[in-house]
Amino acid sequence: MPDVSARVLGIMGSPRLKGNTAELLEAVLAGARDEGAAVERLDLVRLKIDPCIECRKCDDLAECANETDEMSEIYSRIRNVDAIALASPIFFMGVTAQAKAMIDRCQSYWVERFVLKRRAYEGIERPRGLFVACAGSSKEIVFDPARHIVRAFFAAIDYEFIGEVLLGHTDDPELAPRKAVALEEARSMGVKLVRR
Ligand SMILES: Cc1cc2nc3c(=O)[nH]c(=O)nc-3n(C[C@H](O)[C@H](O)[C@H](O)COP(=O)(O)O)c2cc1C
């Protein structure tokens, strides 16, 4: 049975809004939409998100003190959606600067969960998290540092990490058949994000 009430947020970390990462994220969202979910995509490159300055003001109340930028667009959704697909290409072995700035600004959730030891979803199913990534390199290990970053992000916001859709060697002239497989996988993961 499709879960008609599910809300799925796609967070787009690539500055290239029509690249391979975007196509994979769109396939995830299409899969979720086909399951009846309400789907939304936020492009981080269009939002003003300041980097964390480690002011430590979130240490006491688990709330970020910076209310001057557009991180509120993310904060307002994190506790109000049922799933997030975070998409980023690999830049210098990690996620993009746009994605990392957003993740670092989630330190307040890390404080909430690991310092104040408050669980956001006591007794109910946690929202689900998925990582979508592309890389130029054909080496599988190119995704490893970003995998750790993204798992730490989902742990901090208290989501259940359900997996990843990865497409390597994007500069391969023979990319098309592998990309078609990855797009199918992305669509299936979109369904999995929603089905309970
Ligand atoms: C600044 C920058 C750094 C990059 N660093 C890496 C890297 O460390 N490893 C890698 O495999 N590809 C790297 N790439 C290549 C991208 O990951 C690759 O082109 C990817 O397909 C881009 O995603 P897109 O098609 O969504 O734009 C880098 C690209 C840029 C622009």
Side-chain angles (χ1 to χ4, degrees), residues 8-34 37 39-53 69-71 73-74 77-78 81 83-106 128-157 159 161-194:
V8 176
L9 175 65
I11 301 181
M12 173 56 165
S14 178
R16 211 160 72 97
L17 297 178
K18 293 194 171 152
N20 296 296
T21 311
E23 282 185 65
L24 289 180
L25 179 60
E26 284 301 325
V28 169
L29 297 180
R33 199 181 290 114
D34 287 352
V39 158
E40 181 186 24
R41 169 174 151 181
L42 286 181
D43 297 330
L44 294 177
V45 76
R46 295 185 197 276
L47 297 176
K48 179 183 178 293
I49 297 181
D50 299 328
C52 174
I53 57 165
D69 67 1
E70 293 174 304
M71 186 60 196
E73 296 290 320
I74 305 290
R77 285 160 176 84
I78 282 179
V81 296
I84 289 179
L86 173 61
S88 174
I90 300 302
F91 277 12
F92 278 87
M93 300 301 290
V95 294
T96 61
Q98 290 84 1
K100 191 60 165 57
M102 185 279 296
I103 290 170
D104 288 354
R105 289 288 299 289
C106 289
R128 292 177 173 165
L130 174 74
F131 181 38
V132 175
C134 291
S137 169
S138 59
K139 297 193 176 105
E140 173 73 9
I141 58 147
V142 79
F143 294 105
D144 284 355
R147 278 179 163 140
H148 290 293
I149 293 168
V150 170
R151 278 169 184 262
F153 163 66
F154 283 121
I157 65 173
Y159 276 40
F161 183 73
I162 66 152
E164 50 201 19
V165 179
L166 307 176
L167 178 62
H169 202 188
T170 50
D171 30 19
D172 179 3
E174 310 293 324
L175 176 64
R178 282 191 302 108
K179 185 162 151 182
V181 172
L183 285 168
E184 268 312 303
E185 192 195 341
R187 181 174 273 273
S188 310
M189 289 306 273
V191 171
K192 197 174 161 193
L193 266 184
V194 175

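Order of listing sets the numbers, starting from 1, for every ligand and every atom in it.
- The structure places OG of Ser137 at 11.5 Å from CG of Asp172, a figure rounded to the nearest 0.5 Å.
- Protein heavy atom nearest atom 20 (C) of ligand 1, with residue, atom name and distance: Thr170 OG1, 3.6 Å.
- Expressed to the nearest 0.5 Å, how far CG of Leu86 lies from CE of Met102 amounts to 5.0 Å.
- The protein non-hydrogen atom at the shortest distance from atom 9 (N) of ligand 1 is Val142 CG2, 3.5 Å.
- Once rounded to the nearest 0.5 Å, the distance linking CG of Leu17 with CG of Asp43 reads 4.5 Å.
- Scanning the protein for heavy atoms near atom 11 (O) of ligand 1, the closest one is Ser137 N, 2.7 Å.
- Among all heavy-atom pairs drawn from Glu164 and Glu185, the shortest one is O-OE2, 3.6 Å.
- Of the candidates Val95, Thr21, Leu25, Val95 is the only one forming a side-chain contact (heavy atoms from CB on, under 4.5 Å) with Ser88.
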Stepwise side-chain contact (heavy atoms from CB on, under 4.5 Å) check, Leu42 with Arg77
CA-CA 10 Å; Leu42 286 181; Arg77 285 160 176 84; 3.7 Å; yes

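- If you check which protein heavy atom lies closest to atom 14 (N) of ligand 1, you get Ile90 O, 3.2 Å.
- Checked against a 3.5 angstrom limit, the closest N/O atoms of Gly136 and ligand 1 fall inside it.
- With a heavy-atom cut-off of 4.0 Å, Thr21 touches ligand 1 through backbone and side chain alike.
- Closest to atom 8 (O) of ligand 1, if we only count protein heavy atoms, is Met93 N, 2.9 Å.
- Among all non-hydrogen protein atoms, the one lying nearest atom 22 (C) of ligand 1 is Pro89 CB, 3.5 Å.
- With a 4.0 Å heavy-atom cut-off, ligand 1 is reached by the backbone of Asn20 and by its side chain too.
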Take Lys18 and Glu23 through the test salt bridge (charged side-chain N to carboxylate O under 4.0 Å, His left out) and record every step on the way to the result.
CA-CA 7 Å; Lys18 293 194 171 152; Glu23 282 185 65; over 6 Å; no

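- The closest protein non-hydrogen atom to atom 5 (N) of ligand 1 is Phe92 N, 2.8 Å.
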Glu26 and Arg41: salt bridge (charged side-chain N to carboxylate O under 4.0 Å, His left out), yes or no, with the steps?
CA-CA 9 Å; Glu26 284 301 325; Arg41 169 174 151 181; 2.7 Å; yes

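- Distances below 4.0 Å separate heavy atoms of Arg16 from the following atoms of ligand 1: 24 (P), 25 (O), 27 (O).
- Atoms of ligand 1 lying under 4.0 Å from any heavy atom of Cys134, numbered from 1 in the order shown and given with element: 17 (O), 21 (O).
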